[in-house]
Structures are given as structure tokens and as C-alpha cells.
Amino acid sequence: MAEKYSPAEIDARWQRRWAEARVSFVDTAVPGDEYYMLNMYPYPSGSRLHVGHGRNYILGDALYRRQRMAGRKALNPMGWDAFGLPAENAAIQSGIHPREYTLANIGRMKEQLHSLGCLYDWSKELASCDPAYYRWNQWLFLRMWERGLAYRKTAPVNWCPGCRTVLANEQVVDGRCERSGDAVEIRDLTQWFFRVTDYAERLLSGLDGLPHWSDRVKTMQRNWIGRSEGAEILFRVDGMTDPVTVFTTRPDTLFGATFLALAPEHPAVARLAERSASSAELLAFVERVRRESRLERESEGGEKEGIETGILEINPGTGEPIPVWLANFVLPEYGTGAIMGVPAHDQRDFEFARKYGLPVRPVYRTASAEIDPDAMTQALSHEGFLYRSGTWDGAPNGPEAIRVAISWLEEKGFGKGKVGYRLRDWLISRQRYWGTPIPAIHCPTCGVVPVPDSDLPVLLPEDVDFQGAEGNPLEKSAAFVETRCPRCGEAARRETDTMDTFVDSSWYYLRFLNPQDTERMVDTERVDRWLPVDQYIGGIEHAILHLLYARFVCRVLKDMGLVHLEEPFERLFNQGMITRLNPATGKVEKMSKSRGNTVSPDELIERFGADTLRLYTLFIGPPEKESEWSEEGVAGAHRFLNRVHEVCARVQELPDAGEAGPPDTDLRRLTHRTIQRVTEDAAKFHFHTAIAALMEFQRGLAEALEAGSESPQALREGVRALLQLLHPIAPHLTEEWWHRFGERVFLIETAWPVFDAALATSTDVTLVVQVNGKVRGRLSLARGATESEAVSRARADERIRTWFEGREIARTVFVPDRLLNLVVR
RNA sequence: GCCGGAGUGGCGGAAUGGGCAGACGCACGGGACUUAAAAUCCCGAGGGCCGAGAGGCCCGUGCCGGUUCGAGUCCGGCCUCCGGCACCA
């Protein structure tokens, strides 16, 4: 009897050997045999891996091992997004410096990845909090500034007066700070932005060139960019020199515009208020709307509120004056922050008009219908033909009417065709300490001045006071803030905003190729060779922001000539979350620390070994879908590995010499069929079905051993294949047995087994016989049997015959090697 | 509201260029081994009905309808759940 599989011992032995061997990518690989894969970088500011979080690292490692066995030189690096809010909050609470806290977490996560047997290329490791990395964030920022892609503008933020800090939307609960409970104010701050909207069209059209991305993610990105074609129309305001510009997707309904509505934040509001008779009321309304939480204001059922300014403007279509309103449902960020209200054909405008008694003026009608605006209970569709629209009358609804409208507007100088996007520029300013300092200096005489390249990196100061920290600790570091203007040399102040951590992750996939390079941000030659990333693995939560910003920065670098590609990630795989029963709520929820339903890998590795954990994590379900964790399932995975161990031990005891058996035994057929199944499943990342095939294979081997029906050669061939196929999933046990069988090279360095197609295909098939579409019997036939053979066999079969005896066979449907359907009357 | 995804045994799931529904595993039941238990191994099992039994028949992939010799798979309409986005002009 062989000794039991002792996971801890085996894990330890192989982790040590792999570490010593430094399995890593070879620089001299032939282009085309190279495979660059990337797991979504971890945030080390959290604490440790849990099973849900570890799923993609296990999947990534299995894919890496599979690629290596396919003969590809694979680059599989790991980086850390080491800047992040939790570290700063932890520092405030515990007094531990964010750097110390973060580095400790990186160390712990590395250990955990190591104990899972994950072979990351640590020679390419990087961390975003390292000046060797973030100096290039700053360098990139300066280049963006030069190109007009980085700029400052005011933006409203949630300000907590108690914490003296800016809050994220999710930190605001019922208008109050979730931590201190203070009422949150809306403040205008001047902040830095990246002009991602300049790239909206390219980011949108690039999606068409990504066939290996899921439609799901591409659709989400398309919707986020939100391209819409329409027109900008100028409305001349009574008594004012500057017209108000409106963006609309339906310029054809201009003659139906019976009011104009501005966002309360619209820049013209101040001047309107000066001239309005109800100035005080207007300003009070503006103040009130600005206090409304953004969520509430944007929600479906939100109350539409407005106030009349008493100012009139001219509808350029009709030439008639219509009133200007301020309305809470008009958003300053979208379009021009001003709309023309067409109540007859827009439901939202209709509700607003009914509430405030504004006229409703239809401009579309079908041939028959006579429309009574007073009887309408909701907005009309744009059905039929334009009428009451001057020279546009008779134009049918659709692109034609819009074209007519736009050319008229352009001819008269009242407006022009315009493509609008929902996408907004990327706000990168953070009023935080733990991040990349923005390399700008505020000089009283020269204004905002860029830090010269020669002064990079602008180092994040270490001696920052976190005790009783309020606001941005950077502001209190005199050594950091006080500087000289690089232009005039006079005393000046450093910018204290730091960058959004999405800046870090928007180009790290390039930096893995030269993480220690002090001369340049990216190594163009290596990028040409390795990029795009062949396989990117990450959670669906990054489907929009992170991936959009990474695609944006890649394009900017292309325009700068530093890289020659637009799309950084050729294949994208979004793995589903692991869920588990939450004892607190009694519901099955995604596994996460904040919900308190996590399972630590450390504990499971100690009990069952890394292979069991890996096997079960991959077996639990299709990786792109959510899967529910179950403790009992882990034991089942462990049992399987013990059976593999048992089979290996018994085959090892077989005599080496002996008669070679026949070349096509049942076992050999099973071996080759299994190689085929696992190869195909692994290509789809469907390790759960590959494992099912391996379980059947193990049973086949055990049965053959029991029956003594197979030659030692066939059994050895089977066990070799089993170990190789199982290796990406359970590397420790398989490597152990590979070497016990006398092999000298690492399993990962062996070639993936190749199946013999003739052996993988069975000679006999089961043909299903149906009568009128219902299964009535099965025939065992030689592969490739003809229809007439099948029919005569079916006629000869007692059982099947009872179903059509005495009736006429009207038709037969024959699918070779699968099915025969007899249609009888 | 819009967009996307999903719905299959007690449970996780398998099977879609239409062709044996429920692979594999968990839990469960029975058996072997054992003084006993654990561990391990073997067997069983979608539901209903008929039969002493071997076995047989009917129903069954969220619901209703359609196409087809044949539908978990395709089409139309609905329901539920999950994710994303949302007064988007």
C-alpha cells in the first residue's frame, strides 16, 4: 500500500525547487512563440488573498503553465497597485505609515501566491508606489500637458467640513459624510483632468477590432462612450450678446421647442439672474438643486423641478420668443448644459411642460391623425411627417428630416451638425497623500508651471503627519509645498493634488518589460515584440473605467511615437465571482472581506494542500460565471488527487519489461480521447470540464489495473498523460510523480501531449433510433455505417420494430454515426 | 426605463453549426472491508404511473405559443433573478 499523498510536504518541496530554478521567460524566444499574459494587478492595500480573489491568479497560473507546455515562451509578470485609499485610511486609524503598511501587504500576498504554486515572473515585478514607477506617471502627465491633454478646470466635489476632505459619491449617505456624519457641502475645486473625450471616437471605433473581447464588455464600453449624432443650435437671448448653445439629437423638432432649460450650474445663469426680476429666487433655486445629491437628481422617479427666469429668447425656427427656465434635470456635464424643451415629442419635456403650464406644440403627425395638444396625456412618438415647421414641412421622420434641419441651420448660421458623447473627461486629481504627486508648481507671477523633466521624480515626502489628520496631509508638509518657480526662481507652492490610481494601471502592462529602466518610460522595441498582451484576465468590475483608460493611454503613447499599437489587450477574459453563503445575512453573496464571508487560502492549503485548493477552485464551475463555494466540494477534490496518487503508485510497481500490448486497447483509446478533451477544454479555459474528463480517465486507469487487462506500456503511457494534463491544475503532486517516475526535466518544460486522432476516435458508435422523433432504441454500429445498413438493422430489431410494425415508413432522417429517425404514418 | 447575461435533479454544474437531457462532483441511500467507527472502495438514484420481477410507458431544461422528422438549443410573447448604465436632450 502506497503512502498517502501528503500535500504540505509535496507543496514545500516543489515551491523550493521552482524558486531555485527561477522558471521565467527567456529573452531569446522566437517571435510568435511568445505569449504575454497578465492578471489584473492586485491592490496590496487590502490585506490578503481570499478564495474569491485568488480565483483569477489560479486560473492565470494554469493558463501560464499550459502555454509553456505548448512550447510558448510566456511572460507572466505581477505588479502591485500600491497606492490606494485603504492604506491612507489605515494609516490615519493605526498610525502606521502607508508605505510600511503597503509593503507588508505586498509581502504577505506574494507569500500566498507562492504557496498556491503560482509561477509569476518576479524579475519583472513592479509597484506603483516606487518612485522608479511613479516618476513615469509624472513624465506622462507632463507630456499630456504639453499636448493639451492635461488641463485644469473647476468641478463640484463633495466636501466634508468635519474631515476637511473630499468624499467619493459612495461615501455620501443621505447628504451626510458616512464617517463623521457632517452635512456634505458641494464645493467647486479647480482640478486636473485628462482630455479622454478627444479620443472618444477612436476608443469607440477600436472596439470593432477586438474580436476576442466579449460582446458584453464591448457593449458596456460603447454605452459608456455614448456617441450620439445631433446638432448644436444657437438661441439668441433677449438683451444678451452671447447666445445660449443647445445640443439636441432631434434638431428636426426645433419648431416644437416651446421653452429653453438650463442646468442651474450653467455659466450664463449668473448673468441671467442679474437681469431677472426674481433674482433672489433664482439663486436660491440654484443653491437648492446643487445640494441635491447627484444620485437623487439623476434617478428615474426624481421630481422634475424648475424655475422661470423671466427672460425670453428667440426660437430660431419660428422666430418667436420662448421662456428660459432653470431645471434640475438638465445636467451640466452632458452636451452644453442647456436643452430646448419639445414637450410634444419628449416625455420628460412633456411632464415638465404639464407641471408648469408650458405650451405643447406637435410638429410630427401621420397623414390621418388630427392632434389636439390639450388632450395629450404623454409625448408623441416622432411618427409620420413634419408639419408646422416652415420649409421643413413634409419631411418624413428619420435621418432625412434631421439632415434637412441641419443644413437649414448651417445655411442660416443658427447652428451646425455635431456629434455628442456621453463620456466625460477623466478627473485625475485626488486630495490625498498616498499617490503620485502631480508635477506642477503654482507661481504668483508665472501661474501654473510644469516641473522640468530634470527635476523628476517629484518625491512623495516621507515625514508626513497623520495624527489627527484632516484634509490632505501633503498640504502641511512645508518641505514639500515650499519651492521655487522653475521659470522665474521666486518662491512658489507645489501642487498638492495626487493622481488617481487608475493612472498607474493605465500603462503598467508596458512597464513590465523594463521595470528598472531609468532612461525611459517604455522600451519601444520590447513593446513591439511583446505587445499586445495576448491574454488579460480580470474581473468584470473593471469592464469600463480601467480598461477604457488603459486603451486611452495606449493611444496617447502611440501618438507620441512611443508605441506602435492602439489596443493593448488582444484577448480579454473576465472571470466570474466566487459566492458563498453569508452567515450574517443568510444570503449567497459575492465573497469579499467587507461582507465577512471569505475563506482564507492559508487554512485550506494547510489542511488539503495547494493542489486541492487549485483543483477545486477550477472545478467549481465555468470561470466566466459566478460559482458558489462549498466546503464539502473541497474534500471531493482532495479525494480525487489521492486516487491519482494511488494509480501512480500502483503503475510504478509494475515491471518495466514485458510484452507490448496491442496498439489500440481500450485504455489507449481512453488515453487519447482524454488528451483531446482536455486540450480542447483548456483552450476555452473550461478547466471544470477538463477535470471531469481527467476524473473519468483516472477511473479508467484504476479499472484497467484492477482487471489486469492492459500492458505496462499502455498503463505507463496513460499515467504520463494524466500527469501532464493535470499539471497546470495540480502542479505539485504531478511534478512529484513525474520525478518519481525517473524524469529529469520539470513537467512544465515538457511538451503538451499530442493525441492520435485515429485512436481518439472510437470504431463503434451508438446510433440512436427514433420513431416519429421519439427515442425507441439504440444500435451499436461500426463508425461510418450507411443509412441502408442502419435501416435494415433497425428493422431487424425486435424492440424497435414494434413501434412501426404495420405502418408505412414515410421518410427516414439519417445523421451518420448519431441518429436514425423513422417517420411513420 | 435602457443595455447585457442567466434560468436544467436535493445542490454545483454537463450537453447548443438543432440529434441519447442530467457527464463529472457534492450531498443522500444501500453494500463491501472493520470487533466497531473513521478512511477507502463498489452500487443506486429526475418525477409519475404500470408490473411480483425482469422490465415497460408517460411527463420533464422558468411560463405560453411557433418552426421542425426532431427544440434545453432556433423564432415570437411573457415571468423571475443577476450585472451595468440611467432624467443622455
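Below, chains carry the letters A, B, ... as their sequence lines are ordered, and counting in each starts from 1.
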What's the gap between [N] and [M] when it is taken at their [atom1] atoms, as a whole Å value?
| N | M | atom1 | result |
| --- | --- | --- | --- |
| A38(B) | A32(B) | P | 14 Å |
| G5(B) | C58(B) | P | 37 Å |
| G17(B) | C2(B) | C1' | 32 Å |
| G55(B) | A6(B) | P | 40 Å |
| C79(B) | G46(B) | C1' | 24 Å |
| G70(B) | U80(B) | C1' | 29 Å |
| G29(B) | C78(B) | P | 46 Å |
| C75(B) | U68(B) | C1' | 12 Å |

Distance below 4.0 Å between [X] side-chain N/O and [N] OP1 or OP2:
| X | N | result |
| --- | --- | --- |
| R639(A) | A27(B) | yes |
| H688(A) | A14(B) | yes |
| R811(A) | C69(B) | yes |
| K774(A) | G19(B) | no |
| R422(A) | A86(B) | yes |
| R222(A) | C2(B) | no |

Side chain to side chain donor-acceptor pair (under 3.5 Å) partners for T679(A), two or more places apart: W752(A)
Partners passing side chain to side chain donor-acceptor pair (under 3.5 Å) against Y536(A) (at least two apart in sequence or in another chain): Y508(A), H546(A)
RNA chain B: 5'-proximal contact among A635(A) and I620(A) (nearest heavy atom): I620(A)
Pairwise 5' ranking along RNA chain B for R643(A) and G636(A), keeping only the more 5' one: G636(A)
T812(A)-E787(A) side chain donor-acceptor pair, cut-off 3.5 Å: yes
Base-pairing string, 5' to 3', of RNA chain B - Watson-Crick or wobble, under 3.5 Å, | interstrand: (((((((..(((......[....))).(((((.......))))).(((((....)))))..(((((..]....))))))))))))....
Syn or anti conformation of G46(B), syn meaning chi within 90° of 0: anti
Heavy-atom side-chain proximity of V769(A) to L819(A) below 4.5 angstrom: no
Side-chain touch D252(A)/V404(A), heavy atoms, less than 4.5 angstrom: no
Using whole Å, report how far [atom1] of [X] lies from [atom2] of [N].
| X | N | atom1 | atom2 | result |
| --- | --- | --- | --- | --- |
| N574(A) | G84(B) | CG | C1' | 12 Å |
| N772(A) | G70(B) | CG | C1' | 10 Å |
| L423(A) | C85(B) | CG | C1' | 14 Å |
| L618(A) | G25(B) | CG | P | 17 Å |
| H645(A) | A39(B) | NE2 | P | 19 Å |
| Q770(A) | G19(B) | CD | P | 11 Å |
| Q698(A) | U40(B) | CD | P | 13 Å |
| L822(A) | G19(B) | CG | P | 19 Å |

Residues which pass salt bridge (Lys or Arg N to Asp or Glu O under 4.0 Å) with R607(A), listed by chain and number, not counting sequence neighbours: none
Residues forming a salt bridge (Lys or Arg N to Asp or Glu O under 4.0 Å) with D681(A), sequence neighbours excluded: none
Of all the choices, [options], which nucleotide is nearest to the side chain of [X] once you look at every atom?
| X | options | answer |
| --- | --- | --- |
| W224(A) | A21(B), G12(B), C85(B) | C85(B) |
| L331(A) | A23(B), G19(B), C87(B) | C87(B) |
| F329(A) | C87(B), G70(B), C24(B) | C87(B) |
| N821(A) | A14(B), C24(B), G70(B) | G70(B) |
| I339(A) | A89(B), A21(B), G19(B) | A89(B) |
| P622(A) | A89(B), G25(B), G13(B) | G13(B) |

Tell me whether [X] contacts the main-chain N or O of [Y] through its side chain, where contact means a donor paired with an acceptor under 3.5 Å.
| X | Y | value |
| --- | --- | --- |
| R361(A) | T258(A) | no |
| Y364(A) | H345(A) | no |
| T318(A) | F255(A) | no |
| D611(A) | L733(A) | yes |
| N315(A) | L254(A) | yes |
| R222(A) | L204(A) | no |

Which part of the nucleic acid does [X] contact within heavy-atom distance under 4.0 Å: base, sugar-phosphate only, or nothing?
| X | answer |
| --- | --- |
| V823(A) | sugar-phosphate |
| R699(A) | sugar-phosphate |
| E696(A) | sugar-phosphate |
| V813(A) | base |

Members of residues 671-687 of chain A that approach RNA chain B, where some heavy atom sits under 4.0 Å away: none
Any donor-acceptor N/O pair under 3.5 Å between C20(B) base and R778(A) side chain: yes
